[in-house]
Amino acid sequence: MSRICILIMVVLFSLPSFAEKIIAAGDPWPPFVDPDSPTLGIIVEITRAAFKTQGYEVEMKFVPWARAIDGVKEADYDVLLSAWHTKERAKFLYFSDAYLENKIKIIKRKGDSFEFNGLQSLTGKNVGVVRGYGYGDEFSNATNFKRPEGKNVMTNIKKLVSRRVDLTLEDEIVARAMITKDSPELLNEIEFSKNALSTNTVHVTSGLKNSRHKEIIHAFNKGFKIIKANGTLDAILKKYGI
């Protein structure tokens, strides 16, 4: 082999390898997605670790949820990292395997005797929801109660306390984290139902209009299996007390 060929090979092998970038969109959803955390939250840390095993780097963009889901639908962003599966979303999104679960609880004013016992128990209620969030097809299609929309979870909590809605709902871990950060005094004004509305699996999703949607999601699925097997997933969850 000539000296020139050897020199070329040395240079090529010395060049840094660059990860392929994936643009993720979402709104603050602490402690799962948290712009104020050094790791940006549990979900961002898990999904970054999974994608990294496949040579992808995740860049997180924080935008309102409705804009995030519409942006992924139109392929302006590559992925949502924290989406629940619904039939409506499956019309325009490609879903990964499930990698976490959320238990959605009804939130009520302190002292309210209401307890959730199926959708019929919501009859006649105004239940505050977040615009663009998916709460399950059965909940979204029910006609025995109203679902006034708010722009985020804290808006609905404040509407609840001021009696502008009867109830609202969210994962209890998420709701407590948000209230503690935004208005901790409101923790004394609300309670959570004992019974969960639903247990929802969390997925990474990419828009069907994105030419890379299968490539991206299959890479996540493969990477998640690796971090689950090698202990990385358990280490991340343990760090957050989960």
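Heavy atoms only: backbone and side chains are in, while hydrogens, waters and symmetry mates are out.
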**OP:** Report, as yes or no, whether the 6.0 Å neighbourhood of atom NZ on Lys125 holds more than 12 heavy atoms from other residues, nucleotides or ligands.
**Re:**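 Yes, NZ of Lys125 has more than 12 neighbouring heavy atoms, counting only those of other groups under 6.0 Å.
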
Could you tell me whether the side chain of [Y] reaches within less than 4.5 Å of the side chain of [X], counting heavy atoms only?
| X | Y | result |
| --- | --- | --- |
| Gln54 | Phe224 | no |
| Phe51 | Ile46 | no |
| Glu191 | Arg109 | no |
| Val127 | Lys146 | no |

Salt-bridge present ([X], [Y]; N to O < 4.0 Å):
| X | Y | result |
| --- | --- | --- |
| Arg67 | Glu74 | no |
| Glu172 | Lys105 | yes |
| Lys21 | Glu59 | yes |

**OP:** Go through the steps to decide whether Glu57 and Arg48 satisfy the test salt bridge (charged side-chain N to carboxylate O under 4.0 Å, His left out), and finish with yes or no.
**Re:** CA-CA 7 Å; Glu57 176 188 343; Arg48 277 181 167 170; over 6 Å; no

Would the distance check show the side chain of [X] and the main-chain N or O of [Y] forming a donor-acceptor pair, the cut-off being under 3.5 Å?
| X | Y | answer |
| --- | --- | --- |
| Asn102 | Ile104 | no |
| Arg147 | Asn126 | no |
| Ser206 | Asp78 | yes |
| Tyr99 | Val204 | no |

Original post:
For the atom pair CG (Leu169) and OG (Ser198), what is the distance rounded to the nearest 0.5 Å?
Top reply: 8.0 Å

Original post:
Going from CZ on Arg89 to CD1 on Ile69, what distance comes out if it is rounded to the nearest 0.5 angstrom?
Top reply: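 The CD1 atom of Ile69 is 4.0 Å from CZ of Arg89, to the nearest 0.5 Å.
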
Subject >> Donor-acceptor side-chain pairing of Asp137 and Ser140 below 3.5 angstrom >> reply: no

Subject >> Derivation of the ring pair (Phe, Tyr, Trp, His ring centres under 6.0 Å) call for Phe139 and Phe145 >> reply: CA-CA 10 Å; Phe139 177 89; Phe145 58 92; 5.1 Å; yes

Original post:
Can Asp182 and Lys158 be said to form a salt bridge (charged side-chain N to carboxylate O under 4.0 Å, His left out), step by step?
Top reply: CA-CA 11 Å; Asp182 184 273; Lys158 291 172 182 177; 3.2 Å; yes

Subject >> Under the ring-ring contact (aromatic ring centres under 6.0 Å, His included) test, residues paired with Tyr133 that sit two or more places apart >> reply: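 Testing Tyr133 for ring-ring contact (aromatic ring centres under 6.0 Å, His included), a comparison that skips the adjacent residues, returns Trp65.
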
**OP:** Compute the ring centroids of Phe220 and Tyr56, then answer whether they are less than 6.0 Å apart.
**Re:**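 No, they do not, as the ring centres are separated by 6.0 Å or more.
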
